[in-house]
Amino acid sequence: MTQQSLFIVIEGLDGSGKSTASLALKKLLEKRLSREVMRTYEPKDDAVAGTFIRDILEKRITQFDPFMLALGYATNRLDHNSRFIRPWLAQEGLQVVICDRYYLSSLVYNSSEDFSFDQVMLLNRKALRPDVIFFLNVSAEVCRERMNQRDEPLELFETKLDLYRQKYIEAMEYLRTNRAENIVAIDGNQSVEKVVAAMLREIEVLLNEH
Ligand code: TMP
């Protein structure tokens with residue numbers, strides 16, 4: 001049986017080029033498959049807890065329990081699954097969703113010494129499993145430079161890029177080892193054309209899989 005739907009996640013540090021890559025990948029896949037591809041992102045603003053999460057990220061709410069934030073992201077994700085991602089993928093024919101950030105981000109940003117990867121994944125156990133997670137591999141310095149060029153106030157997690165880069169490496173290892181997740185690192189220092197061409201090669205393999 002050939003693949004009936006494709007759930008693609010793009011991950012990476014802030015400033016790693018996720019939104020540019022997901023937009024370019026959407027266009028490429030729409031051409032390749034001659035159908036509309038859904039592009040989305042997390043946190044999903046118009047899903048449960050979306051406003052609460054934005055208020056925290058943009059520092060309008062400053063007093064919060066980190067565990068509650070982890071719950072917020074997990075809840076936001078399940079609602080995103082139920083009302084947006086799953087219905088799209090359930091439509092007839094080969095359907096594709098590209099999502100900018102997903103539970104790998106929760107492992108990276110919401111785990112801590114007293115809140116383990118296992119506990120984060122327990123909250124996310126009902127979340128749809130991606131067919132592939134692309135990690136845009138860009139150095140923390142390059143991400144920092146790109147974010148500085150944006151001239152916008154830094155959000156909650158947009159500092160400590162070296163720490164989060166290290167956590168990405170650990171969290172990817174965790175997902176591969178414990179859940180056999182399909183995670184592909186892509187060199188994000190290349191042109192966007194080369195980035196999406198590398199993604200497309202992996203996607204072609206999935207499309208032809210039996
Ligand atoms: P963005 O909309 O600018 O990508 O910001 C989203 C922020 O939310 C980013 O700094 C990472 C963080 N985040 C989490 O902490 N946990 C999650 O599960 C997700 C999806 C994002």
Side-chain angles (χ1 to χ4, degrees), residues 7-23 25 39-62 64-85 97-113 115-130 133-136 138 140 142-172 174-175 179 181 183 188:
F7 180 31
I8 301 166
V9 166
I10 301 186
E11 284 276 1
L13 292 171
D14 289 297
S16 60
K18 292 184 299 301
S19 31
T20 313
S22 63
L23 196 60
L25 184 64
R39 175 179 173 247
T40 184
Y41 59 88
E42 291 194 353
K44 175 83 176 156
D45 291 280
D46 51 354
V48 170
T51 312
F52 165 73
I53 293 170
R54 274 296 153 210
D55 280 342
I56 289 187
L57 288 175
E58 292 171 19
K59 301 173 189 167
R60 286 183 290 277
I61 295 177
T62 51
F64 63 92
D65 185 325
F67 178 63
M68 192 178 60
L69 185 58
L71 282 176
Y73 277 108
T75 310
N76 183 262
R77 179 162 303 123
L78 269 192
D79 190 30
H80 190 198
N81 268 231
S82 309
R83 290 194 294 134
F84 302 91
I85 298 173
V97 170
I98 304 171
C99 185
D100 191 328
R101 291 193 184 280
Y102 201 59
Y103 49 57
L104 176 54
S105 283
S106 288
L107 290 171
V108 172
Y109 298 95
N110 310 129
S111 66
S112 62
E113 256 175 32
F115 192 50
S116 66
F117 284 168
D118 281 344
Q119 286 169 308
V120 172
M121 287 317 291
L122 208 56
L123 293 183
N124 284 280
R125 67 187 182 279
K126 297 257 177 121
L128 185 65
R129 182 188 168 96
I133 302 172
F134 290 117
F135 171 65
L136 280 182
V138 177
V142 170
C143 294
R144 222 175 343 255
E145 276 166 27
R146 288 186 191 163
M147 277 193 311
N148 288 341
Q149 282 165 10
R150 278 184 201 162
D151 199 25
E152 285 169 9
L154 287 183
E155 288 186 351
L156 186 67
F157 296 119
E158 292 182 337
T159 53
K160 302 190 200 152
L161 292 177
D162 299 278
L163 170 82
Y164 292 132
R165 189 164 198 284
Q166 182 54 32
K167 282 193 83 178
Y168 257 112
I169 291 164
E170 288 162 19
M172 288 192 289
Y174 169 88
L175 287 181
R179 294 169 49 103
E181 298 246 5
I183 306 176

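Ligands are counted one by one from 1 in listed order, and the atoms in each one are counted from 1 as well.
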Numbering the atoms of ligand 1 from 1, which are under 4.0 Å from a heavy atom of F157? 10 (O), 12 (C), 15 (O)

min-distance protein heavy atom vs atom 18 (O) of ligand 1 -> S106 OG, 2.5 Å

Should the proximity of H80 to ligand 1, defined as any heavy atom under 4.0 Å, be assigned to the side chain, the backbone, both, or neither? neither

Which segment of K18 sits under 4.0 Å of ligand 1 when only heavy atoms are counted: neither

Ligand 1 contact on D14 by region, counting heavy-atom pairs under 4.0 Å: side chain

Could you tell me whether the side chain of I10 reaches within less than 4.5 Å of the side chain of I98, counting heavy atoms only? yes

Of the side chain and backbone of L57, name the one, both, or neither that has a heavy atom under 4.0 Å from an atom of ligand 1. side chain

If we number the atoms of ligand 1 from 1 as shown, the ones under 4.0 Å from a heavy atom of E155 are 3 (O), 5 (O)

What protein heavy atom sits nearest atom 16 (N) of ligand 1, and how far away is it? N110 OD1, 2.8 Å

Do K44 and D79 meet the salt-bridge criterion of a basic N to acidic O distance under 4.0 Å? no

Donor on one side chain, acceptor on other, E145 and Q149, under 3.5 Å: no

One finds that the ligand 1 atoms under 4.0 Å from a non-hydrogen atom of R77 are 17 (C), 18 (O), 20 (C)

Nearest-0.5 Å distance, CG of residue L128 to CZ of residue F7: 5.5 Å

Out of E42, R54, E11, who is nearest to atom 2 (O) of ligand 1 when you count heavy atoms only? R54

Check the pair D46 / F84 against side-chain contact (heavy atoms from CB on, under 4.5 Å), numbers first and verdict last. CA-CA 10 Å; D46 51 354; F84 302 91; 4.2 Å; yes

Is it the case that Y103 and N110 place a side-chain donor and acceptor less than 3.5 Å from each other? no

Among protein heavy atoms, which lies nearest atom 17 (C) of ligand 1, and at what distance? Y73 CD2, 3.2 Å

For F67 and F115, take the angle between the two ring planes, folded into 0 to 90°, and tell me which bin it lands in: parallel under 30, tilted 30 to 60, perpendicular over 60. perpendicular

I would like to know whether M121 and R179 meet side-chain contact (heavy atoms from CB on, under 4.5 Å); could you show each step before the answer? CA-CA 10 Å; M121 287 317 291; R179 294 169 49 103; 3.6 Å; yes

Counting distance only, does the side-chain N/O of R146 pair as donor-acceptor with the main-chain N or O of S16 below 3.5 Å? yes

Looking only at protein heavy atoms, identify the closest one to atom 4 (O) of ligand 1 and say how far it is in Å. R101 NE, 3.2 Å

For atom 6 (C) of ligand 1, which protein heavy atom lies nearest, and how many Å away is it? P43 CD, 3.6 Å

